[in-house]
Amino acid sequence: ERGADGNVKVLYSQAVSIMNAYLSSGTKDVEVGSLVLEPLAGFDQDGNVFPRLADGLPSVENGQIAEDYTSITWKLKPGILWSDGTPFTADDVVFTAEYCMHPEGGCAQAARYEGVASVEKIDDLTVKVNFSAPKYNPFTAFVGATSPVLQKAQFANCLGAAAPTCTEANTKPHGTGPFRVTDFKVNDVVELEANPNYRDPAKPAFATMTVKGGGDAAGAARAVMETGEFDYAWNTQINPELQAQMKAGGKGTFVSAFGTLVERIEMNMTDPSPDLPEGERSTAKHPHPFLSDMRVRKALSMAIDRNLLVEVGYGEAGRATCNLVPAPAIYASDNTDCLTQDMEGAKALLEEAGWTDSDGDGVRDKDGKKLSILYQTSVNPVRQDFQALIKGWWNELGVEVELKSIDAGVYFGGDPGSPDTFQKFYADVEMYANNFDGTDPEPYVAQYTCEKAPRPETQWQGENINRFCDPAYDALVGDLLKTRETEKRAEIIKKLNDMLTKESYTVVPLVDRGRLSAHSNTLGGIVLNVWDSELWNASDWYRIK
Amino acid sequence: MTDLAIEKPRSQWADVWAQFRSHKGALIGLAVFVSLILFVFVGPLIWTKDPTFINPNAAEMIKTRNKPPSLQFPLGTDQLGRDMLARMMKGGQVSISVGLVAMLISITLGTTVGVMAGYFKRLDGPLMRLTDLFLALPLLPLLLVMVMLFRDPLSRSLGPETGTFLLIVFAIGVTSWMQAARIVRGEVLALKEREFVLAARSIGTPSRRMILRHILPNVMSPIMVAATLGIASAIITESALSFLGLGFPPDFPTWGRLLFDGVEYIQQYPARVIWPGIAISLTVLSVNYVGDGLRDALDPRIRGR
Amino acid sequence: MLTYTIRRLLLAIPTLLFISLVIFLLVDLAPGSPASQIPLTVPPEVRMKILESMGVNEPVHVRYLLWLKQFFVVEPLVLIDSTFGTAFAEGQQRILSWQSRSPVFDIIVERMPQTLTVIGSAYVLGVLIALPIGIYSAYRQYSWFDQLGTFIAMIGFSVPTFFTGLVLILIFAVELQWFPSIYDTSLKVTDWDSFLAQVRQMAMPVMVLALYNAATISRYMRSSMLENLGQDYVRTARAKGMSERVVVLKHVLRNSMIPVITVIALGIPTIFGGAIITEQVFRVNGLGALLIGAIQGSDLPMVQTLTFIFAVLIVLFNLIADILYGILDPRIRYD
Amino acid sequence: MPDGADAVLDVKGLKTVFRTRGGEVHAVNSVSFHLRPGELLGVVGESGSGKSVTMMSLIGLLPSPPADVRAGEVLLKGVDILKSTPEELRAIRGARIGFVFQDPMTSLNPVFTVGNQIMEPLKRHMGLKGKAAEDRATELLELVGIPDARKRLKSYPHQFSGGMRQRVMIAIALACDPEVLIADEPTTALDVTIQAQILELVHELRRKLGMAIIWITHDLGVIAEIADRVMVMYGGQIVEQAPVRELFGNPHHPYTRALLKTIPKLGDERDERLQIIEGQPPILTAEPSACPFRARCAHAFDRCERENPLRRPIDGQPLGRGHDVACHWNPEGADA
Amino acid sequence: MRDDTTPGPATKGKPLVQVEGLKMYFPVFTGLFRRHTGDVKAVDDVSFTLMEGETLGLVGESGCGKSTVGRALLRLYEPTAGKVVIDGVDVAHLDAEALRRKRPTMQMVFQDPQASLNPRMTLADIIGEPLNEHTNWNADKKLARIYELMDAVGLNRRFANRYPHEFSGGQRQRIGIARALALNPKFIVCDEPIAALDVSIQAQVVNLLEDLQEKFGLTYLFISHDLSMVKHIADRVAVMYLGRIAELSPRDALYARPLHPYAEALLSAVPEPDPSRAARKERIILKGDVPSPANPPKGCNFCTRCPKVFDRCRVEKPVLREVEPGRHVACHLYSESAGPTGQSEAKEHNQQGVMQ
Ligand SMILES: Nc1ncnc2c1ncn2[C@@H]1O[C@H](COP(=O)(O)OP(=O)(O)OP(=O)(O)O)[C@@H](O)[C@H]1O
Ligand SMILES: Nc1ncnc2c1ncn2[C@@H]1O[C@H](COP(=O)(O)OP(=O)(O)OP(=O)(O)O)[C@@H](O)[C@H]1O
Ligand SMILES: [Mg+2]
Ligand SMILES: [Mg+2]
C-alpha cells in the first residue's frame, strides 16, 4: 500500500545538484532525477528495453519501427497524470525533444537525440520520431533515465538559453515517477514524497524518501553497514578488506553488478617528450620512441597480474578483463589470454625487440635510449595502488617507471591550457576508466579512429586518447555504421575490440569495474541495474519488517 | 674593584644557550627532535630496505600484505606489502624538511611583512591589503596555478626531486605567512609606542637595526608559536598537496600521506595510522618544547626559573 | 578613529575590486574546467555545446564584467525585489552556478544555517575553551596542567581533522551509537526532541573543529600571557590587593589580547569559509563543501562569488581587529 | 633586635636574595626595624643598597623566582605577613599597607584609564561602587594636585607626565587610607610645589588617621622636613638609625657623614665641585662577612675586614628607639 | 667658565640651540569613535636660546611640559609648530637620514629609566648601542669605552651582563646617562637625570657633567625639580608653567630675587635638608585650581593660583619680555603700564595666596 512503509533514506556520496537530466550528465543527477521524471521506456537489469510510460514496446514487427529504421512511433499509456494532476500527453513528449534539441540549450543529453530529424504528435497518445538517416538502434531518445519526458506546461518558458534560469522547474520538476520533490537543497539533500498521482495506486511503498549527498564512499558504506543510519548507499567503492569487515557487521549487504566500465592503461603512440616544441608533443608527427613497437607494449601488458589488481583494489566489485568492451555478452570478445601474468615471456619479448640492459644499471636500453616510462593517472587511492603495483612489475622487467598523479578536475577537465589533461597525454602511458552509455558500444569503438586523436588544432579535444591510427580500423568502423543485423554488428565490434587490445596492445584493459552499492537488511526490492538508473525500480522498494 | 676578575660581556647568544640548557623540556624536545632527524636521515643507511619495493611475485606479495610488526618488518607492512619502517624513514625525510623549510619561509615572510607594516606607517596600508589579498585567495586554485606555471621549469632546471621540493615548500610558505604577518604587525604597533623605542631613536638607531634589535626580540613569542604551529600545518598541507597531485610522485611516502592512506585501514590495521600520527605529533611536540625553551631563554625576565 | 574607519572602509572598495579581479584571473587561469564534471561518455560536440551554454568560452574580461554587474547590480536588486515585492531584477540574469545551474546566492543562503551553527559554534566553543586554557597554562607555566594542555594542543594541532573526525565516528557513531555520523541539514528545531537531535548531530563536528581551533588559539593566548605576566604593572595590581583573578583576567589579559584578537579575527571569516574536511567527513554540506566542490568542478561563478564574499569578510574583520587594537591599547593610534 | 612591642609594623631579620645566572645576589641582609603608628620613617641610602627590595619583600611582591625571601618576620600588628595565606595577604595589600612604586610609567597598566586603576582598590577594599568610587577617585587625584581631576580620570598613563604618573601612584596607595604607607621615592619626579603639597597631605593623614609611613627618598631635604626617624642603608644593610634631628646633628657612621656632606644647599656658596664618596658600592654576591663600606671608608681598620659590624645603640636607648649604628669605628677615638 | 660672574648669553660663545615659537599639542580623542575633540597644549609657544657651553635649567611644575620641550627639541616628537635650530640646522624640519646623522651631537637622558631601557638587552649592549650605530670601532675599543662610561656613572663593571630589571632604580638611571654620554654629544637634554640617584651619586653625575662641559664645551638643557642642584649647575634658569615659560633669568638673579610670582612660590617651597632650619622656613603654598593644559585659562596661565592676580591677568596672556638686563618675565606685573608698583595693590585683591 502506498506510503505504508514511511521513510527511506538514500545516501549518494556525490550530492545531487539538479533534477533535470538534460542540464546535467552527472550520474547522480540523472539517477535521482529518475525518481521523478520518467522516460517512455527503460532498461532492465539485463539491459533489455521495457516500456515505462509507453504502452508496449515499438518493434519492426508491430510496425511501430519503420522497416528502413527511419522512424519510431511511440504509443503512450492512457490515463497517466503528472504529479500536479494534469494529464500526460504527446505534447509533453514533443516538447521534450524540442527542449533538448534547442541549439542554445546546451542539452547534456543531446547525444540521445542525435539523428532525430523531428518528433511529431500523431494524436494525444501517439508520438512519432523521425530520423534523418536509418537508425539501427532507435531506442535512444526517450529511452533510459538520461532521456526522460518533461512537462511542457512547466518548462515552456525554459527553452534554449533560458533553460538554466528555471531554477524552480529544474529542482522541483513535475513528473510521472513514483516520487515528487518536496525540498531541494543543491548539492546536499533532496526530500521527496510519494507522488499522489502515480499510476500504480499501491506504489510506492514509502511515503517519503531522503536523498542525502556528500562525503566519501567509505563513510557512505559505513552509514548503511555499520551505523544503520541510511537504507541505501550508492557506489560504495571501498577496499575489499573493508568490504569484508563491514559485511561481517550484519546490518546490511553489498550488491554488485557489472556494466561496461573498464579500467585501462592507454599506451601513447606518439612521443610526449618535453624536448619537443610545444604543439608537437604527443602528436602524430612524432611516433613514440619505443611504445610504437608492439612487442614493448605487449611485454608491458604481460607483466601485469590483473587478478591481483582486482584483489587489491576492487574485490567483489571488479573482475580482470582483457576487453575494452566487456559487456553486453553478445559484444564481449572471448579474449582471456592476458589474465595470467607472464613475466618470463615478457622479458623474452623485450630481449627479442632488442631491449637489453647493456650497461647493467637494471634498466633496459637500446641505442642509448633507456626504457623509461612516465605513468600518469588521476588521484585516487586505488589507482595509486595500481600504479605502485604495476611499477613494481615493470621494474622487474627492467623498465624504469616514474609515476605521476593528477587532480581529477585537472586531468579530466580538458583545459587546453593545462599540460596535465588526459587528452594531452604528456606521458608515456596513462590510466583511467571509461564506458559507454546504454547497451550499444558503437560510438565507443568509433572513438579510436585516426581523426579523433586530440591535437593542437582541435584544442586537444578528441576521444582517441592514445592516438591509435590504423586505416583498417577506420574502414571497419565505417562498415559498422552501415550494418543493421545484430549478429554482424556484434562480430565487427568484437573484431574492433581485439584490434585495440590483443592485436595491438594500444589499449591495455585491466579491470572490468562493477557497480557496488550497499543497502540495509530491512530494505527490500533492490535490483541493481547498471544499464539504467540505479533507482530504476524505487517504486518497488519496501521495508522488510 | 677593577682588580676583580671581570667577565667580558658575553654575547647574547651564549646567554641564551646557557639558559636554554637549563630548560628541561627544551632539552628533551631537542633530544627527541635530533633523534627523529637521525632516525629519518641516518636510519636508511642502516635499514636499507627500499621503501617502494613491492614483491613482483603475486603470491608472495599477497602474503606480505598488511603484516603486523615482526623482525622482518619492524613496523609491519602496508596494503601492498611495502615495509613501513623504510617508508616511515623515507617519509620523514620529506616531511621534516618540508615542515621546517616551509615554516621558515612562511615565518620569514610573515615576520618581514608584519614588522614592515607595523613599523613603517607608509607601508602599513599596502602591505596589509596585500595580506588581505592573500588571505582571500582560494588556496587550491592558487596552488594549481603555481604548480602549472613552475613545476616543469623548476624540475627541468633543478632536477625533479629538488624542483618538486622547492615548489612544495615555496607553495606552502607563500600561502601560509599571513597569520604571522598580522599577529606580528599587531604586536609591533603596540611595541613601537614603548619608550625604549623612543630612546633608541634618540641615539639615531636606523630603522633596520631598530627592528632587529629592539622590535624583533620583543615579538619573539608569538613568532615562536606561529613557527611551531607552522611546522604541523606544513606537514599536513604537504600531504593535502599530494592528493591534488601537486606533490611528490604518488608512490613517494611522506608522513602526511602515510597517515591519510592509513586512515582507510584504521579499523583493521590501526598501526598504519598510529606510526605516522605519532611521528608527526612527536615532531611538532618536540619543536614546540624547543620553541618554548628558546622563548624563555630569550626573555631575560623569566630566566632563572 | 571614526575618520580612520571611514577612510579604511572607502579604501576597502578599490581593494576589494582589485582582489576580485585577482581572484577571477587566478581561478580562470587555474587548470581544470567544468568539463571534468561531464562523463566521458558524452560526445565532444555535446560537451562543447554544454560549455558554450554556460558561457565558459567567453573572453575573460567579458565574463569578469558580467560577474561584476551581476554581483553589484543584479543580486542587490533581487534582494530588494524579494523584500519589497518589486520587480527591478526582472529578466536580469543572476549569477548562476555552472555546476548546478542554480543561482549562486540561493545556494549560499541555503547553506548558511548549517555552516553558521556547526562551524560557528565550534569556533565559539574553541575560543571559549582556548582562552581559559591559555590563560591558566601561562599563569601556572610548566605545571602539570600546562604540560597536559600543551600536549593536547599539539596533538590537536598535528593530527589532521580527517583523522580525528573518523576516530570520533568510529567511537561515537559506530561503537557507541550516541551520535549520528551524518548531519541532517533538513532537521528543523521545533521542540525539545528536535533540539536534542540537533545537538547530537552537531556534537562530533563541533568537537573536532573546536579542538583544532582551541589548540591554535590557546597557544597564542599562553605565550602572550607569559610575555605580560612579568611586567611591573602586575606588581602594582598585586600591591593594590587585587585578587589573582583580577590581576590575571583584567590586567594581564587585556595587555595580552592583541595577538589573540588577531588570530580570532582572522578566524571568523573562515567560519563562513566553512571547514572543508570536517564538513566532508560529517556531510555537513556547508559553505566549505560548497566551495571545494565548486573548485573541483571549476565552477567559476560559484568560486568567484564565494571567495569574494570571503574577501569582504576578511577585509571587514581585519578592520575590526585594527579598531580593537586601538581600543585595547590606547597607545596605538591610527591617524 | 629593635623593640617593636607597640609597632604597627615590626620587621625582624629580613633576608632576600636573587638567584641569577651569575650566582646569588644578596640584596637585603638581616634588616630589622619597626614602625610605630603615626610615625614617619625616612629611608635613605645609596642607590642599589636594597631599599626597594626590602620594602617589596615586606609584602611579598617580589617575583619568586628569582627572588627568595630567606629569613625574617614581618609582623603587622603582631601578625606575621610572610606566613599569612595569599588571601589574607591580599586583604592587607592596598587596604592596610599602601605602596608607591618607584617607576611610575611601567608600574601603571598602560591599557586602563587612570581612573579605573585608582578605583580598583576602592571597589575591592571599601566596597565603593559607580559614582561613589568615581567621586572618591576624583577627590584623590585632586588631593595629589592633578588639575581637572574628573576629566583626567579618563586619561591613560601615557598621556600623563612623569610626575603626574607618580602622583597617580600616590593616589592609588592612599586610596583606602592604609595603616601603613610605603612610599618608594614618591616625590622624586615632582616639583617642589607639588611636593610641598604632598608633604602637607601626608602630615595631615598622619595627624588624622595615625598613618604610619615609610618614606624612601634621596632628598635629604624632604627627610629633614617630614621624617621622625631616619634609617640609612648601605650594601643591603641598615648602617645607621636615629631620630631625624639626631641623625642630621650627630651622624655617626662614616657613610652617613659622607652622605650629608655631599648635599648641595640652596643657601650655600657655590663651590667648584660637589663632594662625592670615592670608590664603588659593594657587589652583593655573597653573604657579607665584612663591613660593606670598608673599601670606601676613611676610618676602616683591620677589624672591618674581618667582621661585619652589628648594630649597636650609641645613646643608651634600646635598639631601634634611639640612635644606633653598625660600625666598629668610634668617633671619640676609642676602638670598640 | 664656571668662574664667570655674569653667566648668560652675552659672555658665552655663539648660540647653539635656538628655539622659536615651539608648540607641541597632543590631540585629545573622545567617545567610542575617538573623535578629535581638542588638544593638550603641552608646550605652547616656547622660545629661548642656548649658548654653546651653557647650561639652561628648566624647572617648573610637574606636567607643565618640560619633558615635552626636551623631546620636541630632539625631534622625538613631531612638533606642532616652531623652529628648533641646533648647531645651525633646523632639526624640526630635517629629513630622516640627515636627522639620524645629526643624532650623535644631541642626546637625551630619559626621565623614566625603566621604560626607556629595552628589557631584552644587557647593560653592555645598551650602552654600546650608540657606539655601534655611529662608530666603527672594534670590539675591544668599544668595550673599553663602555667600561669607561660605567665607571664614570658609578656602575660596577661586573654588571655589564645584567639586564635592566636586575637593577635598582638609580642604577637604571645611570645606564641611561651612560648611554647618552657615549658619543660625546654637544648638546644633552637631561630630563631629571639625577632624580632617582642618591646624593653621592647625584654629585658624582653632576660633577661628571660639569667635567665634560669643561672639557668639551657641552651644552645642557637640565630639567630638574631639584632646585638646589639646578642652582649648582645651571647658568640660566627657565621656569615653566603650563606649557609656557614664565621666567627666564640668570641663575643668581633668579635665586636671589625671583620676579614671576610662580617662580617665587617655587623657590620658597624648596625643602631644607637641615631639620633645625626646616621648621622655621616660610613657604608660599599655592592654592586654587590648577588648570588643565587641555583647557588653559583665557588670560595668564597662572591667574587661577597667583597670589598677586589682578583683573588684567584674567583676560590677557602676558608675553615673555625682558624686564631687566638678561631677565625675561611673562607677567603683567612687569608690563610697562603696571610695572612692579602694581604689586601691593594686587596683594590685597588676592585671598588665595597664603603667606606662612
Ligand atoms: N631581579 C633582580 N635580580 C638580581 N638583582 C637584583 C634584582 N632586583 C634588584 N637587584 C639588585 O638588588 C640590589 C638592591 O636593589 P634595590 O632596588 O632595592 O635598590 P634601591 O636601594 O631601591 O636603589 P635605588 O635608590 O637606586 O632605587 C641592587 O644591587 C640590584 O642590582
Ligand atoms: N602622549 C600624550 N598624549 C596626551 N597628552 C600628553 C602626552 N604626553 C604628555 N601629555 C601631556 O602634556 C603635558 C606635559 O607633559 P610633560 O611630560 O612634558 O610634563 P613634564 O613637565 O615633563 O612633567 P614631569 O615633571 O611631571 O615629568 C601633561 O599635561 C601631559 O598630560
Ligand atoms: Mg629603589
Ligand atoms: Mg617630565
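- The minimum heavy-atom distance linking Gly60(E) with Asp191(D) is given by the pair O-CB, 3.1 Å.
- In terms of heavy-atom pairs under 4.5 Å with chain D, the best-connected choice from Leu155(E), Ile194(E), Asp191(E), Val230(E) is Leu155(E).
- A donor-acceptor pair is defined here as one N or O able to donate and one able to accept, closer than 3.5 Å; such a pair exists between the side chain of Ser161(D) and the backbone of Gly63(E).
- For Glu166(E), the part lying under 4.5 angstrom from a heavy atom of chain D is the side chain only.
- Looking at Tyr255(D), only its side chain comes within 4.5 Å of chain E, counting heavy atoms on both sides.
- Side-chain atoms of Ser47(D) and Arg174(E), non-hydrogen and from C-beta on, do get closer than 4.5 Å to each other.
- Side-chain contact check for Glu61(E) versus Ile194(D): some heavy-atom pair is nearer than 4.5 Å.
- Neither the backbone nor the side chain of Glu142(D) comes within contact range of chain E; no heavy atom of the residue lies under 4.5 Å from a heavy atom of that chain.
- Leu220(D) has its side chain within reach of Val199(E): a pair of non-hydrogen atoms, C-beta onward, lies under 4.5 Å apart.
- Atom CD of Glu185(D) sits about 9.0 Å away from atom CG of Asp198(E), to the nearest 0.5 Å.
- Contact annotation for Thr106(D): both backbone and side-chain heavy atoms come within less than 4.5 Å of a heavy atom of chain E.
- One distance of note links CD of Gln111(E) with CZ of Arg165(D); it measures 7.5 Å at 0.5 Å rounding.
- Taken from CD in Gln202(E) to NE2 in His218(D), the straight-line distance is 7.5 Å, to the nearest 0.5 Å.
- Between Leu266(E) and Val192(D), the closest heavy-atom pair is O-CG2, 3.3 Å.
- For chain D, no part of Phe167(E) is nearby; none of its heavy atoms comes within less than 4.5 Å.
- Taking each heavy atom of Ser62(E) and Arg167(D) in turn, the nearest pair found is OG-NH2, 2.5 Å.
- Heavy atoms closer than 4.5 Å to chain E are found in both the backbone and the side chain of Glu46(D).
- Note that CD of Gln114(E) and CZ of Phe101(D) are 12.0 Å apart. Values are rounded to the nearest 0.5 Å.
- Both the backbone and the side chain of Ser200(E) come within contact range of chain D, each with at least one heavy atom under 4.5 Å from a heavy atom of that chain.
- The part of Val25(D) that comes within reach of chain E is its side chain, from C-beta onward, which places non-hydrogen atoms under 4.5 angstrom from that chain.
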